[in-house]
Structures are given as C-alpha cells and as structure tokens.
Amino acid sequence: MNDMTGGLSFLPLGGTGEIGMNLNLYRLDGTWLAVDCGIGFSGNDTPEAEVLMPDPGFIAERSKSLCGLVITHAHEDHLGAVAHLWPQLRCPIYATPFAAAVLRRKLGEAHLLNQVKIHTVRGNEAFTVGPFDLQFVSVTHSVPEAKALILRTPQGIIVHTGDWKLDQEPVVGPVTDLEAFKAIGDEGVLAMVSDSTNALKDGVSGTEGSVRDSMAELIASLHGRIAITCFASNVARVDSIARAARKAGREVMIVGRSLRNLETAARECGYFADLPPFLTEQDANSVADDNLLMIITGSQGEPRSALSRIASDTHPNITLGEGDTVIYSSRMIPGNEQAVMAVQDNLTRRGVTVLTDKDHLVHVSGHATRDDMRTLYELVRPQYSVPVHGEWRHLTAHAALARDLGINAVLLEDGDVLNLGPGSVEVIDTAPTGRLALDGGRLLPMTGGVLAARRKMLFNGIVLASFAVDDEGYVIGEPKISAPGLLEAEDPESIRITQEFADAIDEIPDELRQDDNAFRDAAKTALRRALGRKLQKRPLVDVHLLRV
Ligand SMILES: [Zn+2]
C-alpha cells in the first residue's frame, strides 16, 4: 500500500472475528498510531495453541513511523500482547494509571521494563502523540479506568469507544461520561469505532450495584466455606465481594496468581484503600470455615487454575467439600463451556454446591447492550459507524442498529484499510494479517511450518527413521524407527515397519546413494510405503541419514 498518501485511515489488524484480540491502527498523513494490543484464547479448533495474538508484521515493517500505542483499558484482549509484541513495535505507550500498573508488571516479567517508555495519562486531559490530538473519555466497563479515545484530526473527529457500557451504579470508578460524549457530538463526529460484544442483547445493561446487593444477600445466607470465582481484573466485583464477606463476618482470602497480581496493581492505584490486605492461601487453615470467603481464579475452567486444582483435589493448601459453596461470578466465554462444566462436575462430586448466574444475580456483563448503544449513538451522532470487537453476527447486528438510527455503517474485516478522508469513506486497500501463537516462550505463526507440523502430529502422529551408511552409501547395521504417539516400541507393527523399511532402503538404486538429499527423499518414500495402508493415516514422516 502507498504509505505516502495523505489523509486519515483506520485499519484493524485484530479485533474482528471470533477471537477478540484487539490491535487497531490509525494513519494520519503517513504516521501511524496503534490502539490496544491484546491476546485471545483459542477455542477447540486450534488445540495446538492456547494463547493467540495478532501478527503485527505489517506495522512492525513501519515501526519507524509508528508514533505510539494507546491502551484503552487493562483487559488481556486489549493489553495482553504488549509484552510479547513490543520488541517489534518499539514505540512509547500511553495508558491510565491502572492499565500502566498492570502493564509494568507484565513488562517486568518479560525483562522489558527499562526499555519501554510508558506515559501515564491521568483523568481526561488532552494529550498529543505525533500528529494525533487525543483525549480520553471515561466509560464504565468491567475493569477500572476504561477509556474511550477521541482523535481530533484535520479530517474530522473519531470516537474510538473501546469496551464500554452504561451503568448508573458501577461501584468502582465513574459512570460513562455522557456529557463529554454529547459535547464531542456537538463538535461534529466523523466516525465512531465501537464495541459490538452485546449487539445481540436487547434492553439496558444490568448494574454492578445490583450484583453487589444480591451477592451480599447470598453470602450472608450461606454456611461453610465460600469460594467465588470472577475475572481478576474486575476490581469492582472483587470490592463488592470483599465488603459483603466482611459484613457477613468472613475474612477474605485471594487465591491464584492473576488475582494477587491484580490486587497489587489495584492497591498501587488506590483501590481497596479501606479494605485490609487480603489473606493468602497459606492462611486457609487458620480461619474457621464459616468465617472464610475465598476469591479464586479459574472461572473459565483453565486447567492450571486454583479452582480446577481444588475441584480435582490436587491443590496444595485448599480443599472444598460437603457443605461448601462455589459461586461463578462471571460469564462463560464461548469455547470454554466443556472445561467449565468439567470443573463444576468435579466440585459437585465432592458435595460442593455450585451456583452460577442462572441461580442468582451474581454477574452482569461489562459491555453495552442495544439500548446502551442507541443512547451513545444519539449523543455522539457520528456520520459513520464502524463496528469492531465481535464476531461477524455481532458486527452485522451492530451495523443494522446504527443504520436504523440513520447512520452509515461500514463493516470491516481485519486487514481492511478504511479511508476516513479526504474523499469518500470506503475500504481502499488490504493489509496482510495473521495470528501468532504463544508456544512456551516463542511466538509462532499459526500458518507456519512448525504449527502445521504440530497439527499433523496431533492427529496423525510422527514416524522417524534413522539409519547409518558408509562412504559409498551402503547401510550399516539396522535402521531405527520411532513413532511416539502412534506406536508403542514393542508393537509388532513397529517391528514389521522397521523390517520392511530396512528391505526397501537396501533396494534404493546405487546412483541415489551418493547424494544425501536424493537418498533421504528415496528413504522417505520407502518409509511411507512401509507404513502402508494398515495404519490408515498419513503421519508426518522424517528420515535421519547419518554418514559414518
Ligand atoms: Zn474489556
């Protein structure tokens, strides 16, 4: 694409589609600004990778003209990829105090903290990044200090909402600043780029205050140990639970690494200020069951989480059983149903009562419902609506809602370059996109050779044959074959395949034996043939030829 043309454009590199991992780009007269940089968790369709993030290759090639990265809020799908991708972006970061505190901890773990310049943006003051004239506006969401980003450009004003909802009683932090949105609407807004998560949900959002009240009532009515699982970043929820627990005469204990990290970040920023430090899991046995409430990680059935380990009775410090209660104060992220059900099943088997948002009001969503969306559109009155952050059916429903309000809606897929002026607002180009999987400490392209081989191995197994040859290319000794995940070593089939392979390489024509590559290819063909039809599979095949 031509980077030299002037004007303003918008390009999502991640954020549309089934796995929400946000990486948005704006370009103004040849200079780029990134907004959010998140991870996503893969569903059942990619078992070879758990944590995914957008491939930043397109902007990494242009990192010299990338003037900054703005983080709208501290959720993993908005900042979780920063510590992994920053080495390719190498730009300053702008975030609220809370998001900056969460980010610093992640960058510290990645040994990047002294390289990354983080500018903390307090309140809703204006700030500039390169040619971009920016301003935060407070929105309510399920994490403290969520912000919409306003971009004032020569082509017009863009409202990039981030994740938001309307909530008259958010418990922690301010309500969505509707007056600010109205004032910006009065200035005239070119486009609103906005969250589509709940675009299929009618009505208004539930309030966090109603969850607090209902949860307090529920906690007061229970006996035995209580464990409540929720998202670590939902400081308002943790705050409500902790206060309800104390009112009911229970001490609050935090279990799980992500909750402890979030508690530290939250206290650094002044949250939980009048609550005493939470107990840690080592204190579990020093408090009577009826006086203890645990807030615990694992609401999505994550296998290594504290709750999964308690459910399978493999947690070093905590047990739950007959008479105890586990409350899921969270929604089930699509794709995690089976894992969550398995944990709930294990808990029930131990005699634990499991309560979810189907039984009591113990959770509300942090995203705008259709009525919330209408309210914001009526205040902002953009010329164009650009739905992001959702699957295709959410984006489509969001676009239809905007059109009903007389607003032009533009549906984008990751990689689409939307011209926002001068000239007509339309897709003018496509940038390459992709996904990277976090594999141990490495980032691997989902479409690359390593993960393609992993997928093949996962379903079809791998067969490795090794054999030694002399100077002239004649086989010395017996070849060795191993097929981990496919055949046991003592399987008669292994012995048959080894024998057939040995016979086949003996018959390889002499002229192929001098050239290692030709010899290896012929041996691979022989190995495939030896595997034959019996396995009824096409495993990954490799041959090690050793010249001795
Ligand atoms: Zn969010």
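Remember, predicted model here, so these are calculated numbers, not experimental data. Both ligands and their constituent atoms are indexed starting at 1 by order of listing.
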- line: Interatomic distance, CG@Leu113 vs CG@Leu107, rounded to 0.5 Å, equals 6.0 Å

- prompt: Is any side-chain heavy atom of Thr433 less than 4.5 Å from a side-chain heavy atom of Phe58?
  reply: no

query: Nearest to the Zn ion (ligand 1), which N, O or S atom of Asp163 do we find?
result: OD2

- request: State, to the nearest 10 degrees, the angle whose vertex is the Zn ion (ligand 1) and whose arms point to ND1 of His75 and NE2 of His141.
  value: 90°

- prompt: Can an N, O or S atom be found in His78 less than 2.8 Å away from the Zn ion (ligand 1)?
  reply: no

- request: Flag the pair Leu23 / Met21 as yes when at least one side-chain heavy-atom distance between them is below 4.5 Å, and no otherwise.
  value: no

task: Tell me, please, if Asp77 has any N/O/S atom, main chain or side chain, under 2.8 Å from the Zn ion (ligand 1)?
output: no

query: Does some side-chain heavy atom of His73 sit less than 4.5 Å from a side-chain heavy atom of Trp164?
result: no

